Amino acid sequence: MVHNLPLQGVRVVDFGWIIAGPFCTKILAALGAEVLKIEGRPRPDTMRRWPPFLNDQDGGLEHSATFNNLNVGKSGLCINVRHPKGVELVMQLVAASDVVIENFSVGTMDRFGLGYETLRQSRPDIIMISLSSQGATGPHRGYVSYGPVIQALSGLTSLGGYSDGEPVGVGGAVADYIAGLQAAVAVVAALNYRRRTGKGQFVDLSQFEATASILGPAILSAAVNGPAQYRNGNAVPYAAPHGVYPCMGEERWVAIAVRSDAEWKGLCQCMGRPQLVGEPRFSTLARRLSHREELDDFIAPWTRTQDREALVARLQASGIPSAPVNDARDLFETDPQFRKRRFYQTVDHPSGQFCVETVPIRLTNAAVRPPTPAPTLGQHTAAVLQGILGMAEAEIAALADEGVL
Amino acid sequence: MTGQAVGGVRVLDFGGMESAYFTRIMADLGADVIKVEPPTGDPSRRYPPFAGAQVHPERSLVFQHFQAHKRGITLDPEHPDADAILQKLIPTANVVVRSGGLGGRSARLNPEHLFAVRRDLIVVSISGYGEEGPCAGWPYDDLTVLASGGLLFVTGEPDRPPARPGNGMAWHLGSLYALIGTLAALYAGHPNGEHIEVAMNEAVAALLEGTALDYFHTDHVTRRLGSQHPLASPDALYPCKDGYFCFVIVRDEEWELLLEWLREEGVAGELDDPRWSTRRQRVAEYPVVNAGVSRLTQRYTMQELYREAQRRRIAGAPAYTPGDLLGDPQLLGRGYFQKVGHPELGELSFAGPPFRLTECPMVVNRPAPLLGQHNHELYCGELGCAPEMLERWQVAGLM
């Protein structure tokens, strides 16, 4: 029996733009929330102009695959919040909604006349979540940044790379995606609180803090033990061998992680070198850790002679944690698991067919909503104003004439 | 407790690293989280770094960080006598978490068995590849899931093998989606139970930004570029006197602000030319741009650059190490760090909450449990087992 999605009945007024806010509401929409994405006609979401584009069409507002992927499942409205009637409309929508989300720079919503205290007058138990680079308070709240800057600031960038190389970090705007994920956690947590107490609240999410919170034990370790060597390539202190090894062909890599003596034995047998099992310098994890470069010198020449997929199959059959280091092509063409689970899907949009990444939460008693395409600019303005606010067509047309929509 | 986001919810965590962050945040949100360890202790008790470099199962900072705020009991669910215990323990929980740790291998912890014991449970399964499909049974670790999910390939320097992000990214991503799903199920109510399943390789793949979309739509395979961003310049890390500094310039107006600074420093060089005024040109020749910006950054410290960049409204910040965070004025000004006392390790300074719920702030009010610390409290105090039984079970390796 399929039940309702868990966030069915939750309505979100979504001022999110670019990545952080939209990534959050994409997840909320997949879990059943009704998301009303608000854009201003003169200033639509900048992501609409971000590549890759359908059919390589750079231009227009409706061809960005990244925008589509981030904004599936939402209704799109154009409301001019610089017009007093636009503000009034938003307040009416808020009165009928549960959550407001925004990721403008600090103070922007206040300047629009849509700060938390004002929104509460429309709906006392509204949950408002503001995502900002460094938080709504504090000496640096006005600082300017982008995702990679925040990743660097958070310490995450310093944790990636080689000891004799530069910090590398991961991706470009990863901090924006992490903020969006943390925001989704925060919204659902706040909904739980409201269900129990009847109270809404303001949620202050600093992307800096949200990203620093996923460093693992690095901050605790720095506080207790002082500075450490942070960039160690693929070496970890709890497994050896542990790394990325080249296979046959260009840029074909395999990742292998051997945590235990049992897994080490399995690897030796796979390599056709059972005698290595008895080798004293590799006989315990501690010894393997201190001889990790020598281990890699046994493994890499062997993997270089192997077809990657066949190698992984044999390693897995021997119970050794391993995987192909998939590139983008592999994700679609080679990997059987993504295909089986239909992680990548397509949606039909007026501009054509877009590829979409589904939200990786599976609920057995409710099917996560399959994606619907991102809205074209202002696509649902009339439908939402009629449907939720009961406005007449003539009224809507008049507002459009006045530049409110 | 009305003061917390999640109240009156008990979470039994049979998982390993997969669920560590998930149930840590659940505890910080107000859930009663019980970490169930094998009688010999969770494997992460043996993971470095150790406090004061002293190797000891109560001194692993990996364990201390992820398992803070949880109570701890021991149990071997595979033990012949475990069934009777589980029949008493499971019904006390609202959420049972299983993963590749204790939960994945144990038949007694598979979802059908759990729902048979308590129908309205939320069962959370986090694993490397999910519960179905050709790779469902594959053993995994953070590194191999990052590989499968496509993130490892695009991380690192161009001329070297891919290098993993050092935070256990796959563990964190799986946990984040598990958090969202679980909180959503709690919100909605779950009278008929709910099974939430997260595949970590998908959680990783969802973080690839435009990489997969780029292949699907343009056949382009994204490669590693180090800290350089493929679509903007300057957008990289630059060496400075005491570390590295990150600048990101996207709009051309922002470039003009940085160029002005370079000119004032007398290091603009060839960059002082209108041909660099478009993003396209700067990206096409990013090594030249980066060399120019480095001439500025290597003159100053991280903090000097940070102050001046922000004064000029240029998006730039130091590439902090985790230790640097401890002295950051914004984090200190916001009271970000949380202090918790530990019986043997003294006062511990933790990373703060990932967001601020102003009505129901997240707090950490106990450290990670000692091994079996709450066995008596739970098995005897709550489930009514006689203390002599507890002792016998501990000797028999059940707990």
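Convention: sequence-line order gives letters A, B, ...; per-chain numbering from 1. Below, all heavy atoms of this structure are taken into account, side chains as well, without hydrogens, waters or symmetry copies. Note that the structure is a prediction, hence the values are computed from the model and not measured.
- With a 4.5 angstrom heavy-atom cutoff, A/Val236 touches chain B only via side-chain atoms.
- Contacts of B/Glu209 with chain A are made by both backbone and side-chain atoms, with heavy-atom separations under 4.5 Å.
- Ionic pairing of B/Glu131 and A/Arg341 is not present here: no N-O contact between side-chain nitrogen and carboxylate oxygen is shorter than 4.0 angstrom.
- Contact of B/Thr218 with chain A is made through the side chain alone, with heavy-atom distances under 4.5 Å.
- Contact of B/Arg164 with chain A is made through backbone and side chain together, with heavy-atom distances under 4.5 Å.
- With a threshold of 4.5 angstrom between heavy atoms, B/Phe50 approaches chain A through N, CA, C or O but not through any side-chain atom.
- Taking the six-membered ring where tryptophan is involved, the planes of B/Tyr306 and A/Tyr143 are perpendicular, since the angle between them exceeds 60° and thus also 30°.
- In this structure, chain B has a heavy atom under 4.5 Å from the side chain of A/Val224, while its backbone stays farther away.
- In this structure, chain A has a heavy atom under 4.5 Å from the side chain of B/Leu29, while its backbone stays farther away.
- Ion pairing between A/Arg329 and B/Asp219 fails under the 4.0 Å rule for side-chain N and carboxylate O.
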Criterion salt bridge (charged side-chain N to carboxylate O under 4.0 Å, His left out) on A/Asp327 and B/Arg223, from CA distance to verdict: CA-CA 8 Å; A/Asp327 66 18; B/Arg223 303 281 182 130; over 6 Å; no
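- The two atoms that bring B/Pro49 and A/Asn225 nearest to each other are CB-ND2, 4.2 Å, heavy atoms only.
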Side chain to side chain contact (heavy atoms under 4.5 Å, CB included) between B/Arg160 and A/Tyr162, intermediate numbers included: CA-CA 9 Å; B/Arg160 302 181 79 159; A/Tyr162 289 91; 3.7 Å; yes
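- Across A/Val188, A/Ile27, A/Leu220, the residue that shares the most heavy-atom pairs under 4.5 angstrom with chain B is A/Leu220.
- Because its NZ or CZ atom is not both nearer than 6.0 Å to the ring centre of A/Tyr238 and within 45° of the ring axis, B/Arg46 does not count as a cation-pi partner of that residue.
- The main-chain N or O of B/Leu237 is never found under 3.5 Å from a side-chain atom of A/Glu166 such that the two would form a donor-acceptor pair.
- Using a 4.5 Å cut-off between heavy atoms, B/Leu326 touches chain A through its side chain atoms alone.
- No donor-acceptor pair closer than 3.5 Å links the side chain of A/Asn192 to the backbone N or O of B/Val6.
- Between the side chain of B/His217 and the backbone N or O of A/Leu54, no donor-acceptor pair lies under 3.5 Å.
- Under the 3.5 Å distance criterion, the side-chain polar atoms of A/Asn326 are matched with a main-chain donor or acceptor of B/Ser148.
- No other option in A/Arg339, A/Arg231, A/Lys340, A/Gln316 has as many heavy-atom pairs under 4.5 Å with chain B as A/Gln316.
- Electrostatic pairing of A/Arg362 and B/Glu132 counts as a salt bridge here, judged by a charged N lying under 4.0 Å from a carboxylate O.
- In this structure, the ring of A/Phe332 has its center less than 6.0 angstrom from the ring center of B/Phe216.
- With a 4.5 angstrom heavy-atom cutoff, B/Pro230 does not touch chain A via any of its atoms.
- Neither the backbone nor the side chain of B/Ala309 comes within contact range of chain A; no heavy atom of the residue lies under 4.5 Å from a heavy atom of that chain.
- Under a 3.5 Å cut-off, the side chain of A/Ser158 and the backbone N or O of B/Ala319 do not form any donor-acceptor pair.
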